[in-house]
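Reading through the structure tokens given below for one structure.
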Amino acid sequence: QIEALEQAEHPYTSTLMPLLLDLGDAALQSERYELAEGSFRRHQHLVHRDDGVRSLNQSASISGLIELYRATGNIRSYGAEVKFLAHLFEFAGDHSSPGRSMADLDLAVWETSFGSLSEAKDRYRQVIGRTKFGNDSASRQIASIGALGLGFVAYLEDRNPLDSMTAAL
């Protein structure tokens, strides 16, 4: 289907974007990691051509890459994509969407993994502060995940995690 669309239109047509995301997701689920990475990267390239390098429209492909690198254990690439996604949300002025909060949670997990516990705590607190008063279930779930992350950092710092989690919420 992708090849037919490329021949009918051109290799850079924006109508390829949803197909590339679907292909990347399917390839990721079936553990065809090279195909998944290529599909997500191509989607991102098309977004860059159409909307610019700082467009949030590439967040779906970056999220796919984050999931891919998490699955393959490529922590360096995982961290690069997590940071890039967080910067995109910051540049776009998005300080409160669930997507922004999830990007910040991913970044906090990466910071925790590399021992940047102070930065991770700050990020978890920011996420909790943005989401704990939300009326929707997604906000409450994100705040709870942030509290669990904060509790885990407290555990790593050899403190009582329940105290940290309770105080955050």
Side-chain angles (χ1 to χ4, degrees), residues 14 17-18 20-22 24-25 28 36-37 39-72 74-157 159-169:
S14 61
M17 288 188 203
L20 290 168
L21 285 178
D22 289 344
D25 288 337
L28 184 58
E37 184 175 27
S39 298
F40 292 134
R41 288 283 178 215
R42 185 156 178 218
H43 174 271
Q44 187 179 29
H45 177 72
L46 292 177
V47 171
H48 288 182
R49 285 180 51 94
D50 286 357
D51 303 331
V53 177
R54 293 182 173 172
S55 171
L56 276 178
N57 291 334
Q58 63 188 307
S59 63
S61 55
I62 296 170
S63 295
L65 289 167
I66 289 169
E67 191 175 333
L68 167 74
Y69 296 138
R70 186 183 301 136
T72 60
N74 186 341
I75 197 72
R76 184 175 304 244
S77 295
Y78 169 83
E81 297 301 328
V82 163
K83 288 177 185 177
F84 183 59
L85 186 57
H87 290 301
L88 280 180
F89 280 109
E90 189 68 33
F91 179 78
D94 181 340
H95 301 290
S96 60
S97 74
R100 165 65 190 266
S101 294
M102 292 304 295
D104 281 345
L105 284 175
D106 276 334
L107 187 51
V109 167
W110 187 82
E111 290 167 339
T112 302
S113 299
F114 280 92
S116 300
L117 300 182
S118 177
E119 290 89 350
K121 281 191 300 191
D122 290 345
R123 198 161 315 277
Y124 283 127
R125 287 184 182 121
Q126 289 170 2
V127 169
I128 294 165
R130 277 197 308 263
T131 57
K132 73 178 181 179
F133 297 113
N135 293 328
D136 58 304
S137 64
S139 293
R140 290 191 299 274
Q141 288 174 348
I142 292 170
S144 296
I145 293 168
L148 288 171
L150 200 55
F152 183 66
V153 170
Y155 169 78
L156 293 175
E157 292 177 327
R159 294 184 299 119
N160 185 346
L162 250 87
D163 292 342
S164 295
M165 291 167 31
T166 305
L169 292 175

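All values below come from the heavy atoms of this structure, side chains included, with hydrogens, waters and symmetry mates left out.
Using the six-membered ring where Trp is involved, F114 and W110 have ring planes that are tilted, between 30° and 60° apart.
Closest of all the heavy-atom pairs between L88 and S55 is CD1-O, 3.9 Å. The shortest non-hydrogen separation linking G146 to I128 is C-CD1, 3.5 Å. A60 and L21 make their closest contact through CB-CD1, 3.7 Å (heavy atoms, listed as atom of the first residue, atom of the second, distance). Contact between A36 and L28 at its shortest, heavy atoms only, is CB-N, 3.7 Å. D106 and V82 get closest at one heavy-atom pair: C-CG1, 3.5 Å. Residues G24 and F40 come closest through the heavy atom pair C-CZ, 3.3 Å.
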Before giving the answer on side chain to side chain contact (heavy atoms under 4.5 Å, CB included), spell out for V127 and R130 the whole-Å C-alpha distance, their side-chain angles and the decisive distance to 0.1 Å. CA-CA 5 Å; V127 169; R130 277 197 308 263; 3.7 Å; yes
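Here the OG atom belonging to S118 is positioned 10.5 Å from the CZ atom belonging to R123, to the nearest 0.5 angstrom. Note that the OG atom of S116 and the CG atom of D122 stand 11.0 Å from one another [nearest 0.5 Å]. Note that CZ of R125 is 11.0 Å distant from NZ of K132, once rounded to the nearest 0.5 Å. To the nearest 0.5 angstrom, M17 atom CE is 10.5 Å from R42 atom CZ. Annotation: the span from L68 atom CG to R41 atom CZ amounts to 9.0 Å, rounded to 0.5 Å. From L107, atom CG reaches atom CZ of F89 across 12.5 Å, with rounding to the nearest 0.5 Å.
A donor and an acceptor atom, one from each side chain of Q58 and H43, are nowhere located under 3.5 Å apart.
Of the charged side-chain nitrogens involved, none lies within less than 4.0 Å of a carboxylate oxygen, so that K121 and E111 do not count as a salt-bridged pair. Remark: E119 does not engage K83 in a salt bridge, criterion side-chain N to carboxylate O under 4.0 Å. Taking the charged nitrogens against the carboxylate oxygens, D136 and R140 have no contact shorter than 4.0 Å, which rules out a salt bridge.
For the pair Y69 and R76, the minimum side-chain heavy-atom distance is 4.5 Å or more.
Judged by distance alone, with hydrogens and angles left aside, the side-chain atoms of S59 form a donor-acceptor pair with the main-chain N or O of L56 at under 3.5 Å. Under a 3.5 Å cut-off, the side chain of R100 and the backbone N or O of D94 do form a donor-acceptor pair.
Judged by the 6.0 Å and 45° rule, R70 forms no cation-pi pair with Y78.
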